[in-house]
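Since the structure comes first, as structure tokens, the remarks are kept for the end.
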Amino acid sequence: MENQDINIIHRFLNKEIDLDNLKKQLSEKEFEYWESTLDLINNLPRASFDKNKTFDLLLEKRNLKQKKPWKYKIAIAASFLFFCSLFYFNYQFSNTELVTVAYQNSLKENTVILPDSSKVWLNRGAKISYSKNEWNTNRKIELEGEAYFQVKKGKKFSVTSRLGLVSVLGTTFSVSTHDDIFSVVCYSGKVAVKHANNQIILDAKKSFSSETNQISEIKNNFPLFIGKWIMFEKTPLAEVIKSIEKNKKVIIEFNINQSFVFSGGYSSTMEIEEILAIICHSFDIQYKAINTNHYEIYNVSKP
Amino acid sequence: MKYINPNVCDEDNFKSLFFEFGEKLFQFLFYKYKDEDLARDCSQEAFIILWENCHKIDYPHARSYVFTVGKNKALDFYRKKKLHLRIENEEKHIIQEEISEKNLELQTKMNVILAKLPAPSKEAFLMNRMYEMTYSEISKELNISIKSVEKRMSVALKIIREQLMHES
């Protein structure tokens, strides 16, 4: 009996028949049997639920959540930009990175051409650094050791070293920081030297050295080191003389019997007499000029 | 002629979906978990997810979609809550009792009865009574045959009747 009732109740629960139909299809006894159950399941107690309020809350939550992906996108974009800028600055930085050039034995001529075609000659042990892409706005060089500068006219050009500062507009000059002595030689134009809180203006052919703290005159047109150095090691002196003859296009009469061996060198920019003076001094021999292109080297002890 | 379903992404359609099924989902979840906050949050959450996926869901499918999502959300919440229960313990209980005080009488009566039902019967019964699902809808949702739904419903009806008789 019960199973058959239940099948009818299933039809009601399955919305196949409505409550009136259900009543009709069940006998009075059957209906009575199920009445309280049907009453309860048709009127199940409900928890209070405010549709409007809940929907408003829902919309609030929804819109808040919708904004999230937007914020997320911004965050992604921001971090993307951040990394881009990182790369950019890194790139910029790598460009502004100081270019450092140090004297190298392997180089025949130790010249550095700066971006504005100003030229720097490095002496042995010298090192310069400058910023390549800031060069047009900031002509600034850091120097260790000794270097000669040929500066193209333009904006202020400055050489800094731990001993002092030299600034110019366009000239040729050399700066040396050897042995903690700061020396500046101005070959042409004018340079301003700042050393130990003093500012000195050097005119052309003037030099300043921190050793004497005085300005003195110079004769050279450029420092000796800038030329091409010809070096010898334990070379017979006769060969050295031949090299000088060839290099300086002079004739040197070599009247020495002893077999001298020479170690050292000379610069192609040196005057012939300078070179000969150095060589003769080291071997205690003499030289004399027959004319401007003709020299003689002889032994003093020889009568 | 092709019938075009109302667009779920339309605000008005979305609202009418909520007004039609929102409370039913809430009541179902409330009876299932006996937790008003959980039921409210999960039914709202289900509709938010419906909104987020409104392009993918046809209007006629929205009803079952919301139910499935809400049910799964509630299950997640419930599991998490179970984990937290030990830590939160007493305080939480006091608050919960205060909230449900007004409905306490009715709900206890119903909950006492429902507690006697085996879980599968209770589930099917609540789906039918609260979410107003037909037997075939329940069978699809639970992935069982219609006969099984009938069996579960029969068990529920018998037990409820027994309980009511027992009471009086």
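So that the names make sense, note that chain A is the first sequence line, chain B the second, and so on, each numbered from 1.
Residues B/F18 and B/V66 have side chains not in contact (no heavy-atom distance under 4.5 Å, counting atoms from C-beta outward).
Looking at A/K51, both its backbone and its side chain come within 4.5 Å of chain B, counting heavy atoms on both sides. Residue B/Y135 touches chain A through both its backbone and its side chain, counting heavy-atom pairs closer than 4.5 Å. B/E23 touches chain A through backbone and side chain together, each having a heavy atom under 4.5 Å away. Of the atoms belonging to A/L40, it is side-chain heavy atoms, and not backbone ones, that fall under 4.5 Å from chain B. With a 4.5 Å cut-off on non-hydrogen atoms, B/E137 does not touch chain A at all.
Contact count against chain A (heavy-atom pairs under 4.5 Å) is highest for B/N128 among B/I138, B/I160, B/N128. With chain A as the partner, the residue from B/V149, B/I113, B/L157, B/I49 showing the most heavy-atom pairs under 4.5 Å is B/L157.
Heavy atoms from other residues, nucleotides or ligands lying under 6.0 Å from NZ of A/K153 number 12 at most.
With respect to B/D41 and A/K61, a salt bridge is recorded, a charged nitrogen being found less than 4.0 Å from a carboxylate O. No salt bridge links B/R161 with A/D5; every basic N to acidic carboxylate O contact stays at or beyond 4.0 Å.
In this structure a side-chain-to-backbone donor-acceptor pair under 3.5 Å is present from A/T54 to A/D50.
Partners of A/E32 by side chain to side chain donor-acceptor pair (under 3.5 Å), not counting sequence neighbours: none found.
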